[in-house]
Amino acid sequence: MRAVQITSLAGPAAVEVVEIDEPAADAGSVVIDVHVAGVTYPEVAQSRGQYHLRQSLPFVPGAEVAGTVRSAPPGTGLTAGQRVAAFSGTGGYAETVAVEPATVFPLPDTVSFDTGAALPMNYLTMHFGLVRRGRLKPGDTVLVHGAAGGVGTAAVQLAAALGARVIATVSGPDKINTAKAAGSDEVVLAVDFEEGVLKLTGERGVDLVVDPVGGDRLTGSLNSLAREGRYLVVGAVGGDAPQVKIDSLMRKNLDVSGVGWGAFWAEQPSFLREQWAELLPLLRAGKISPVLGRRFPLDQAARALLELDQRRARGKVLLDVR
């Protein structure tokens with residue numbers, strides 16, 4: 001089969017398209033013929049050896065896919081030919097992938113493979129972050145950083161679908177329309193977001209900050225929170241963050257929470273299907289619909305990864321596998 005491999009740790013431009021054997025599926029695996037793969041930031045980090053889960057070289061990256069079931073173990077409720085999305089973890093940048101049954105999700109006939117491939121990592125991560133870690137309530141005001149990217153647009157859509165007012169930050173004017181298309185109520189530029197957020201909230205601040213960017217956003221984010229506000233650490237593509245001073249949290253009784261979706265469900269795999277069951281009604285009602293960005297053929301996977309690495313992505317970047 002055709003697949004993309006990381007053969008060295010020289011960055012996104014060094015990934016290679018190769019011909020390799022199909023995965024050897026054991027009796028407990030679901031084998032999926034991949035039509036579309038989602039492109040995620042962990043794959044950028046993996047290409048440099050900077051991701052916390054290390055793989056031996058060479059390996060096939062790709063954490064999320066959509067396609068059709070080739071075979072499935074009895075008792076999984078999955079059948080050959082069924083349309084599914086899946087969180088593959090790795091191996092998704094290939095024509096065929098073998099995954100654990102708990103990470104496979106049936107796709108309604110009305111949901112395209114494009115949408116299916118855009119859902120597993122970003123939407124399940126943000127569902128976990130907003131609902132379980134962030135304790136989001138209808139009527140809350142949520143600030144979403146990096147709101148034009150895949151994680152950001154997912155956070156905007158889910159927060160809005162769950163009844164929140166959403167303020168989005170973007171790095172430049174060219175990304176404003178993407179954040180609005182995702183469903184944000186207001187958009188501010190990242191360069192002076194703290195001033196903009198406080199103005200929009202009448203100096204009160206927001207109830208929840210969703211931050212997949214990190215770096216120098218931390219201090220301004222904490223200053224943008226209202227009393228008893230919650231700050232969600234989703235990622236750190238912007239680099240190392242400054243240290244948090246404990247007294248800055250105590251003054252307004254703030255919470256800083258890590259969003260480790262993978263670490264959570266690894267010890268409770270049934271949680272994934274529970275999340276999917278909660279997302280399906282929102283999906284069917286049109287309340288969530290991933291904002292899709294550029295798409296690339298499989299042999300241009302390096303270009304797809306560079307879209308994320310160079311912060312050019314507008315919505316979810318996809319790979320057409322077949």
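Since the structure is predicted, the reported quantities are computational estimates derived from the model, not experimental observations.
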Trainee: For A164 and D185, work out which heavy atoms get closest and say how close.
Mentor: O-OD2, 4.1 Å
Trainee: What's the verdict on side-chain hydrogen bond (donor to acceptor under 3.5 Å, both in side chains) for R217 and H145, showing C-alpha distance, side-chain angles and the deciding distance?
Mentor: CA-CA 8 Å; R217 303 282 178 97; H145 287 302; 3.2 Å; yes
Trainee: Do V256 and L249 have side chains that get closer than 4.5 Å, going by heavy atoms?
Mentor: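 The answer is yes; the side chains approach within 4.5 Å.
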Trainee: Do other residues, nucleotides or ligands put more than 12 heavy atoms under 6.0 Å from D21 CG?
Mentor: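 No, CG of D21 has 12 or fewer neighbouring heavy atoms, counting only those of other groups under 6.0 Å.
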Trainee: Could you walk me through whether Y93 and E43 pass the side-chain hydrogen bond (donor to acceptor under 3.5 Å, both in side chains) check?
Mentor: CA-CA 10 Å; Y93 287 11; E43 286 123 42; 2.5 Å; yes
Trainee: In Å and rounded to the nearest 0.5 Å, what is the OG to CG distance from S224 to L208?
Mentor: 12.5 Å
Trainee: Can you find a pair of side-chain heavy atoms, one from P281 and one from K287, that are under 4.5 Å apart?
Mentor: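 Contact flag for P281/K287 side chains = no.
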Trainee: Passes side-chain hydrogen bond (donor to acceptor under 3.5 Å, both in side chains), Q275 versus Y123? Steps please.
Mentor: CA-CA 9 Å; Q275 286 189 285; Y123 280 78; over 6 Å; no
Trainee: For Q82 versus G77, what's the shortest heavy-atom pair and its separation?
Mentor: OE1-O, 3.7 Å
Trainee: More than 12 heavy atoms of other residues, nucleotides or ligands under 6.0 Å from NZ of K252: is that the case?
Mentor: yes
Trainee: What do the steps show when you test R165 against D140 for side chain to side chain contact (heavy atoms under 4.5 Å, CB included), and what is the final call?
Mentor: CA-CA 6 Å; R165 172 194 180 190; D140 279 351; over 6 Å; no
Trainee: Could you grab the distance from atom CG of L218 to atom OG of S248, nearest 0.5 Å is fine?
Mentor: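 Nearest 0.5 Å value for the CG-OG distance: 8.0 Å.
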Trainee: For the CG atom of L232 and the CG atom of D211, what is their distance to the nearest 0.5 Å?
Mentor: 9.0 Å
Trainee: Start with the C-alpha distance between L318 and V39, add both sets of side-chain angles, then the distance that settles side chain to side chain contact (heavy atoms under 4.5 Å, CB included), and finish with yes or no.
Mentor: CA-CA 6 Å; L318 300 174; V39 181; 5.8 Å; no
Trainee: Dump the intermediate steps for salt bridge (Lys or Arg N to Asp or Glu O under 4.0 Å) on E186 and K199, then the final yes or no.
Mentor: CA-CA 11 Å; E186 293 100 2; K199 182 177 180 181; over 6 Å; no
Trainee: Side chains of E274 and W265: is there a donor and an acceptor less than 3.5 Å apart?
Mentor: no
Trainee: Would you say T7 and E16 are linked by a side-chain donor-acceptor pair, where the criterion is simply a distance under 3.5 Å?
Mentor: yes
Trainee: Could you walk me through whether E95 and V321 pass the side chain to side chain contact (heavy atoms under 4.5 Å, CB included) check?
Mentor: CA-CA 6 Å; E95 292 179 323; V321 178; 4.0 Å; yes
Trainee: Could you check whether the rings of F128 and F271 sit parallel, tilted or perpendicular, using 30° and 60° as the cut-offs?
Mentor: perpendicular
Trainee: Answer yes or no: is there a donor N or O on one side and an acceptor on the other, between the side chain of T103 and the main chain of F87, under 3.5 Å?
Mentor: yes
Trainee: Taking all non-hydrogen atoms of both residues into account, name the closest pair between L124 and L272 and its distance.
Mentor: CD1-CD2, 4.3 Å
Trainee: Going by distance alone, is a donor N or O of one side chain under 3.5 Å from an acceptor N or O of the other, for T125 and N122?
Mentor: no
Trainee: Is a salt bridge present between D114 and R295, judged by a nitrogen-to-oxygen distance below 4.0 Å?
Mentor: yes
Trainee: What I want to find out is whether D207 reaches R135 closely enough, with some N-O distance under 4.0 Å, to be called a salt bridge.
Mentor: no
Trainee: Flag the pair V69 / T79 as yes when at least one side-chain heavy-atom distance between them is below 4.5 Å, and no otherwise.
Mentor: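 No, too far: nothing below the 4.5 Å cut-off.
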Trainee: Quick one: CD1 on I167 to OG on S184, what's the gap to the nearest 0.5 Å?
Mentor: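 It is 9.5 Å, given to the nearest 0.5 Å.
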Trainee: Could you report the tightest heavy-atom contact between P290 and Q157, atom names first, then the distance?
Mentor: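 Distance-wise, the nearest heavy atoms are N-OE1, 3.8 Å.
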Trainee: Flag yes if more than 12 heavy atoms outside Q268 fall under 6.0 Å of its CD atom; otherwise flag no.
Mentor: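 Atom CD in Q268 is crowded, with more than 12 foreign heavy atoms closer than 6.0 Å.
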Trainee: Got a second to check how far W261's CH2 is from R133's CZ, nearest 0.5 Å?
Mentor: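 So the gap between those two atoms works out to 15.5 Å.
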Trainee: If we ignore angles and hydrogens, is there a donor and acceptor under 3.5 Å between the side chains of D255 and Y231?
Mentor: no
Trainee: So D309 and R48, do their side chains get closer than 4.5 Å, heavy atoms only?
Mentor: yes
Trainee: For the pair E307 and R294, find out whether any cationic side-chain nitrogen is under 4.0 Å from an anionic carboxylate oxygen.
Mentor: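 Yes, E307 and R294 are salt-bridged.
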Trainee: On the ring face of F113, is R83 found with NZ or CZ under 6.0 Å from the centre and within 45° of the axis?
Mentor: yes
Trainee: Count the heavy atoms belonging to other residues, nucleotides or ligands that lie under 6.0 Å from CD of Q50, then report whether that count exceeds 12.
Mentor: yes
Trainee: Is it true that R70 and E22 have a side-chain N and a carboxylate O under 4.0 angstrom from each other?
Mentor: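 E22 and R70: salt-bridged.
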Trainee: Looking at R322, I want to see if its CZ is surrounded by more than 12 non-hydrogen atoms of other residues, nucleotides or ligands under 6.0 Å.
Mentor: yes
Trainee: Report the distance from atom CZ of F193 to atom OG1 of T169, rounding to the nearest 0.5 Å.
Mentor: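 So the CZ of F193 and the OG1 of T169 are separated by 7.0 Å.
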